[in-house]
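Report on one structure; see the data block that follows.
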2 protein chains.
Amino acid sequence: MEYQEAKDKFISTWGSLGTLWGINKAMAQIQSLLFISTKPLSMEDIMEELKISRGNTSMNLRQLMDWGIVTKELVPGERKEFFTTEKDVQELARHIAKERSRREIKPVIKVLKEVSSIKDDGTVKTKELIKQTKALHDLAETADTMMNKIVNQEHNWITKSLMKLIK
Amino acid sequence: MEYQEAKDKFISTWGSLGTLWGINKAMAQIQSLLFISTKPLSMEDIMEELKISRGNTSMNLRQLMDWGIVTKELVPGERKEFFTTEKDVQELARHIAKERSRREIKPVIKVLKEVSSIKDDGTVKTKELIKQTKALHDLAETADTMMNKIVNQEHNWITKSLMKLIK
DNA sequence: ATAAACTTTCAATAATTATTGAAAGTTTAG
DNA sequence: CTAAACTTTCAATAATTATTGAAAGTTTAT
């Protein structure tokens with residue numbers, strides 16, 4: 001496999017994985033492109049490489065910046081803006097996990113808390129609703145806490161310790 | 001908050017969270033409904049409660065069965081089929097994690113492996129592609145392995161140990 | 001065997017989500 | 001100040017994904 005083929009394969013695979021971390025295809029592809037680029041890219045570069053429109057590029061870059069995984073770079077002597085993504089996978093994972101937790105998981109945990117706290121009117125169905133949503137709440141909260149802690153550790157420390165623990 | 005309101009809130013919230021674990025709205029809502037039901041439900045029951053068509057119900061129940069989180073129940077003396085979902089959250093999480101890993105994460109890891117194994121032609125951009133996809137490969141593999149192991153443990157054991165470790 | 005009870009399939013349609021492109025907005029150089 | 005270089009916005013459109021409903025298929029009771 002040659003460079004170009006490998007590059008295309010990476011971008012399209014990583015792009016389609018976007019759903020897994022809750023972002024759309026264009027966003028994921030832009031991030032991929034930046035991730036393997038050896039230098040900051042301009043909007044022009046990105047449009048050209050991915051064959052997407054200016055508007056699309058602009059909107060998705062903005063979202064990537066909102067997620068905190070892409071930043072504007074000022075290149076001296078250049079008028080236009082350049083972009084780079086976080087290059088360290090560990091740091092990238094940290095940002096993504098933190099954002100997903102904030103945007104999606106925490107709000108759900110809140111609802112589960114509310115629902116599981118309704119007053120027990122003594123009926124079987126109410127008891128079941130309370131019991132099951134409570135179980136889900138506890139699971140979601142534990143998972144969320146764990147994920148955030150794991151992802152905030154030093155890479156080697158956590159991998160080593162966990163692997164040892166789990167093996 | 002009364003039972004009905006709490007129930008509706010739970011079903012719609014959990015339903016919209018479907019994307020987080022890679023399933024569609026109807027699928028997630030059917031699963032939610034079964035999850036808090038005190039008895040197995042028929043297709044008729046589900047259609048009625050969620051106001052969705054017979055076809056939609058049938059297709060989504062099938063998918064839930066493919067995921068291994070919903071099973072057919074035979075009710076003696078009844079002609080139609082009844083459905084139940086896994087009621088234990090731990091077991092539910094295990095199934096979901098296992099399926100997602102198999103369907104989405106493993107294939108991506110495979111591609112990352114291929115891409116990161118292209119021959120180094122000595123150019124800077126090839127070196128960067130190899131380096132970055134390799135880092136991503138290692139991260140994805142570690143995360144996948146960890147997730148699967150964690151989710152396959154006894155509930156209390158893992159929660160206690162991990163919490164102690166991470167605190 | 002056949003009719004009723006029930007489930008599945010799938011082409012048509014609806015709903016949602018992503019993308020374009022051109023106009024409006026902003027910044028900088030001269 | 002103003003024209004050129006560049007970015008953002010957003011209504012229109014395209015692409016994708018979900019949903020319906022009725023016909024076809026299957027199972028069971030008589």
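Every chain is numbered from 1, with letters handed out A, B, ... down the list of sequences. Hydrogens, waters and symmetry mates are skipped; everything else that's a heavy atom, side chains included, is used.
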N/O donor-acceptor pairs under 3.5 Å from side chains in residues 56-67 of chain A, not counting sequence neighbours:
from    : atom 1 : to      : atom 2 : distance (Å)
A/Thr57 : OG1    : A/Ser53 : O      : 2.7
A/Asn60 : ND2    : A/Asn24 : OD1    : 3.4

side-chain contact (heavy atoms from CB on, under 4.5 Å) partners of A/Glu5, counting only residues at least two apart: A/Met1
Residues that B/Lys131 engages under side-chain contact (heavy atoms from CB on, under 4.5 Å), provided they are two or more places apart: B/Glu128
B/Thr13: side-chain contact (heavy atoms from CB on, under 4.5 Å) partners, not counting sequence neighbours: A/Val108, A/Val111, B/Lys9
Partners passing side-chain contact (heavy atoms from CB on, under 4.5 Å) against B/Glu48 (at least two apart in sequence or in another chain): none
Listed pairs under 3.5 Å, donor-acceptor, residues 28-40 of chain B side chains, sequence neighbours left out:
from    : atom 1 : to      : atom 2 : distance (Å)
B/Gln31 : NE2    : B/Thr85 : OG1    : 3.1
B/Ser32 : OG     : B/Ala28 : O      : 2.7
B/Ser37 : OG     : B/Lys39 : N      : 3.2
B/Ser37 : OG     : B/Lys39 : O      : 2.5

Nearest-Å distance for atom pair CG/C1', residues A/Leu64 and C/dA18: 15 Å
Distance in angstrom units between A/Asn24 CG and C/dT20 P, rounded: 12 Å
Can I get a per-line list of side-chain donor-acceptor pairs under 3.5 Å for residues 68-77 of chain A, giving both atom names and the distance, sequence neighbours left out?
from    : atom 1 : to      : atom 2 : distance (Å)
A/Thr71 : OG1    : A/Thr84 : OG1    : 3.4
A/Lys72 : NZ     : A/Glu81 : OE2    : 3.0
A/Glu73 : OE1    : A/Thr84 : OG1    : 3.2

Gap between atoms CG and P, on A/Leu74 and C/dT27 respectively (whole Å): 13 Å
Spacing of A/Met47 atom CE relative to D/dC6 atom C1', expressed in whole Å: 12 Å
Between protein and nucleic acid, restricted to nucleotides 7-9 of chain D and to nitrogen or oxygen atoms under 3.5 Å apart, what atom pairs and distances do you find?
from  : atom 1 : to      : atom 2 : distance (Å)
D/dT7 : OP1    : A/Glu81 : N      : 3.1
D/dT8 : OP2    : A/Ser58 : OG     : 3.1
D/dT9 : OP1    : A/Arg62 : NH2    : 2.9
D/dT9 : OP2    : A/Arg62 : NH2    : 2.6

Bending between helix ends of the helix from C/dA1-D/dT30 to C/dG30-D/dC1 [5 pairs per end, 10° resolution]: 10°
Protein-nucleotide distance (A/Gln63, atom CD; C/dT19, atom P), rounded to Å: 11 Å
Nearest-Å distance for atom pair CE/P, residues A/Met27 and C/dA18: 10 Å
